[in-house]
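Note sheet for the following structure.
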There are 2 protein chains.
Amino acid sequence: MTKNYSSEIASPLSSNHEDYLKAIYILEARGEQVTNSVLSEYIGFTPASATNMVKKLSQMDLVIYRPHQAVSLTPTGRRVALEILRHHRLLELFLHKTLDIPWDSVHEEAERLEHVISEALEDAIAASLGYPKVDPHGDPIPTKTGEIGPTPGHPLSQAKAGRAYKLVRVLSQEKERLAYLGRLGLNLYVELFLREHAPFDGPVLVEVAGVEHALAAEMAALLQVVPASA
Amino acid sequence: MTKNYSSEIASPLSSNHEDYLKAIYILEARGEQVTNSVLSEYIGFTPASATNMVKKLSQMDLVIYRPHQAVSLTPTGRRVALEILRHHRLLELFLHKTLDIPWDSVHEEAERLEHVISEALEDAIAASLGYPKVDPHGDPIPTKTGEIGPTPGHPLSQAKAGRAYKLVRVLSQEKERLAYLGRLGLNLYVELFLREHAPFDGPVLVEVAGVEHALAAEMAALLQVVPASA
DNA sequence: GTTACAATTTAGCCATGACTAAAAACTACT
DNA sequence: AGTAGTTTTTAGTCATGGCTAAATTGTAAC
Ligand SMILES: [Mn+2]
Ligand SMILES: [Mn+2]
Ligand SMILES: [Mn+2]
Ligand SMILES: [Mn+2]
């Protein structure tokens with residue numbers, strides 16, 4: 001299990017160390033201030049535990065920690081986070097495409113696998129998938145060297161009514177939510193027609209494969225779309 | 001990660017718990033007395049650590065422990081061991097067949113993955129492989145219900161000279177050894193001709209794909225063969 | 001500037017599971 | 001049976017990383 005980053009890191013990182021770094025990366029990428037409470041809520045441990053872990057990561061030079069300030073990743077910490085995120089998203093796609101695991105289940109599974117695959121296995125998976133760029137939810141897959149592309153699309157909630165769109169990304173990993181979307185036929189790359197936005201932040205009416213559905217405004221905000229081309 | 005055995009077990013088992021149970025199973029299956037020193041040497045921890053862990057497993061009703069006696073598995077302990085062994089061998093075969101990971105590398109990788117795959121993933125892997133019976137080293141794969149078939153073949157070291165055989169199992173997971181065998185063309189199911197046994201427990205001369213090789217007696221003892229049929 | 005409230009940190013506890021060193025218990029040989 | 005040697009167990013240490021509860025710090029309203 002020799003990791004890419006192993007040369008730069010003194011002690012080996014546990015699964016939880018890696019999940020903390022990944023969480024910080026994702027929260028930063030959302031543009032949020034990564035406060036202790038935001039972080040601890042996201043990872044599901046108590047604030048005291050988060051403080052404790054962040055201090056340790058800081059000693060390892062993986063994060064910048066100043067008391068009462070938002071944490072941020074050091075360049076090395078970012079490298080580790082992107083490495084794990086690459087594992088995660090490659091695994092999601094691999095499980096989905098190679099083993100037909102439904103898109104609402106791959107996240108959970110990848111959450112554990114991401115910590116135990118070797119670099120050789122990561123490479124073999126990437127090669128077998130043809131070096132893919134996005135995972136089953138449309139999230140971009142970081143490259144081996146830690147680059148990550150721009151995120152495609154814009155929220156359906158801000159799209160213009162009376163036009164056709166293609167779903168390119170879903171900003172959620174919730175199993176139930178994804179299962180529901182799947183039942184509506186709202187899978188990745190499906191084409192949909194946006195009928196109207198009900199006023200006062202009301203539901204969004206969309207047509208998918210000839211059937212009309214009403215989506216809550218918050219749901220529509222999670223669906224990233226681009227104008228349909230064909 | 002709901003395991004098959006989860007209903008019968010109080011506390012969740014760590015990777016190391018599972019590796020201990022698997023080790024006890026394998027040592028028992030070899031017909032060895034699983035003494036504390038045998039066990040601790042096999043798993044690579046100190047004897048004191050092994051005693052400690054065996055006591056805990058005993059409290060969980062997974063092993064029978066009497067001081068100064070060989071340990072043995074309870075029915076539940078055996079179930080857990082076989083479940084993990086199934087994961088391990090299915091993963092080895094999957095990595096080898098689906099991702100072309102060489103047979104000398106799959107063991108290491110499976111050693112970690114075996115602890116984190118869900119039952120759903122186990123099932124998906126088994127299905128995608130067509131419910132296979134043996135792994136890339138010829139080791140039998142336990143069934144979902146915990147049955148395990150008889151082990152095929154007999155040692156090449158005890159085979160008669162002047163006859164053709166088929167390699168059906170290699171009793172080793174050592175990377176270097178497997179890589180060496182691979183270089184000689186001694187892969188699973190390959191046909192070979194046994195020329196002679198040198199006397200005084202000397203080397204064994206075999207012909208593989210028209211090339212003759214001399215194998216140490218201990219090496220030949222690890223190669224399980226059956227008479228060539230075709 | 002006080003004061004109230006929320007966020008964060010500190011202090012201290014606990015379980016886990018490795019380790020070393022010492023004690024105890026078995027085994028085997030005389 | 002006694003003793004030497006080996007194996008196993010016990011006792012005690014340490015690091016890890018969660019937790020709760022209490023103390024502290026920062027913020028915003030008065
Ligand atoms: Mn994870
Ligand atoms: Mn994803
Ligand atoms: Mn293992
Ligand atoms: Mn094997």
Side-chain angles (χ1 to χ4, degrees), chain A residues 1 3 6 9-24 27-28 32-72 77 80 84 111-112 114-116, chain B residues 1 3 6 9-24 27-28 32-72 77 80 84 111-112 114-116:
Chain A
M1 193 168 47
K3 294 283 172 60
S6 56
I9 312 253
S11 53
L13 302 177
S14 70
S15 295
N16 279 356
H17 284 120
E18 294 178 343
D19 280 340
Y20 271 94
L21 292 170
K22 187 162 57 98
I24 295 165
L27 292 168
E28 271 188 351
E32 292 184 53
Q33 285 282 308
V34 188
T35 62
N36 200 259
S37 41
V38 165
L39 178 58
S40 67
E41 199 193 342
Y42 185 87
I43 54 176
F45 294 123
T46 62
S49 299
T51 301
N52 193 270
M53 182 60 96
V54 162
K55 280 183 169 180
K56 279 186 192 158
L57 294 172
S58 161
Q59 283 177 342
M60 296 185 232
D61 266 304
L62 296 168
V63 306
I64 308 288
Y65 169 67
R66 306 255 96 198
H68 297 276
Q69 303 269 120
V71 286
S72 59
V80 177
I84 302 302
E111 198 54 58
R112 295 183 307 272
E114 62 188 358
H115 309 291
V116 303
Chain B
M1 188 169 50
K3 294 283 174 58
S6 56
I9 313 252
S11 53
L13 302 177
S14 70
S15 295
N16 278 357
H17 283 119
E18 294 178 344
D19 279 340
Y20 270 94
L21 293 171
K22 186 162 58 100
I24 295 166
L27 292 167
E28 270 188 352
E32 290 184 54
Q33 284 284 308
V34 188
T35 63
N36 199 258
S37 43
V38 165
L39 178 58
S40 68
E41 199 194 342
Y42 185 87
I43 55 175
F45 293 123
T46 62
S49 300
T51 301
N52 195 271
M53 182 61 94
V54 162
K55 279 183 171 180
K56 279 185 192 158
L57 294 172
S58 160
Q59 283 176 341
M60 295 186 236
D61 267 303
L62 296 168
V63 306
I64 307 287
Y65 169 66
R66 305 255 95 197
H68 297 277
Q69 303 270 116
V71 286
S72 60
V80 176
I84 301 302
E111 199 54 59
R112 295 183 309 272
E114 63 188 359
H115 307 291
V116 303

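The chains referred to below are lettered A, B, ... by the order of the sequence lines, with proteins before strands, and numbering in each begins at 1. Note that these values count all heavy atoms, side chains included, but never hydrogens, waters or copies made by symmetry.
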Report summary line: side chain to side chain contact (heavy atoms under 4.5 Å, CB included) filter on B:Ser37, not counting sequence neighbours, yields B:Thr35

**Report entry** Test side chain to side chain donor-acceptor pair (under 3.5 Å) applied to B:Lys22 - qualifying residues, sequence neighbours left out
**Finding:** B:Glu111, B:Glu114

**Report entry** Residues touching DNA chain D, which here means a heavy atom under 4.0 Å, drawn from residues 48-66 of chain B
**Finding:** B:Ala48, B:Thr51, B:Lys55, B:Tyr65

Report task. Taking the side chain as every heavy atom from C-beta outward, state whether B:Ile43 and B:Asn16 have any pair of such atoms under 4.5 Å apart. Result -> no

Report task. Please state whether the phosphate of D:dT16, meaning OP1 or OP2, lies under 4.0 angstrom from any side-chain nitrogen or oxygen of A:His17. Result -> no

Report task. Quick one: list whatever passes side chain to side chain contact (heavy atoms under 4.5 Å, CB included) with A:Asn52, sequence neighbours left out. Result -> A:Lys56

Query - side chain to side chain donor-acceptor pair (under 3.5 Å) partners for B:Ser15, two or more places apart - result: none

Query raised in the report: With sequence neighbours excluded, what pairs up with B:Ala48 under the side chain to side chain contact (heavy atoms under 4.5 Å, CB included) test?
Result: B:Thr46

Review item, side-chain donor-acceptor pairs of residues 63-71 of chain B, under 3.5 Å, at least two apart:
none

Report summary line: Atom NE2 of B:His68 and atom C1' of D:dT8 are separated, to the nearest Å, by 5 Å

Query raised in the report: OH of B:Tyr20 versus P of C:dG17: gap in Å, rounded?
Result: 10 Å

**Report entry** B:Ser58: side chain to side chain donor-acceptor pair (under 3.5 Å) partners, not counting sequence neighbours
**Finding:** none

Report task. Pull out every residue in residues 34-46 of chain B that has a heavy atom closer than 4.0 Å to any atom of DNA chain C, ordered by number, or say none. Result -> B:Phe45, B:Thr46

Query raised in the report: Looking at residues at least two apart in the chain, or sitting in another chain, which of them share a side chain to side chain donor-acceptor pair (under 3.5 Å) with A:Glu32?
Result: A:Arg30

Requested in this report: Using five pairs at either end of the helix from C:dG1-D:dC30 to C:dT30-D:dA1, determine the angle between the two local helix axes and round it to 10 degrees.
Outcome: 10°

Query raised in the report: Once you round it to whole Å, what is the distance between C1' of D:dT27 and CD of A:Gln33?
Result: 15 Å

Query raised in the report: Do the side-chain N or O atoms of B:Asn16 get closer than 4.0 angstrom to the phosphate oxygens (OP1, OP2) of C:dA18?
Result: yes

Requested in this report: Taking A:His17 for its side chain and A:Ser14 for its backbone only, find out whether a donor-acceptor pair lies under 3.5 Å.
Outcome: yes

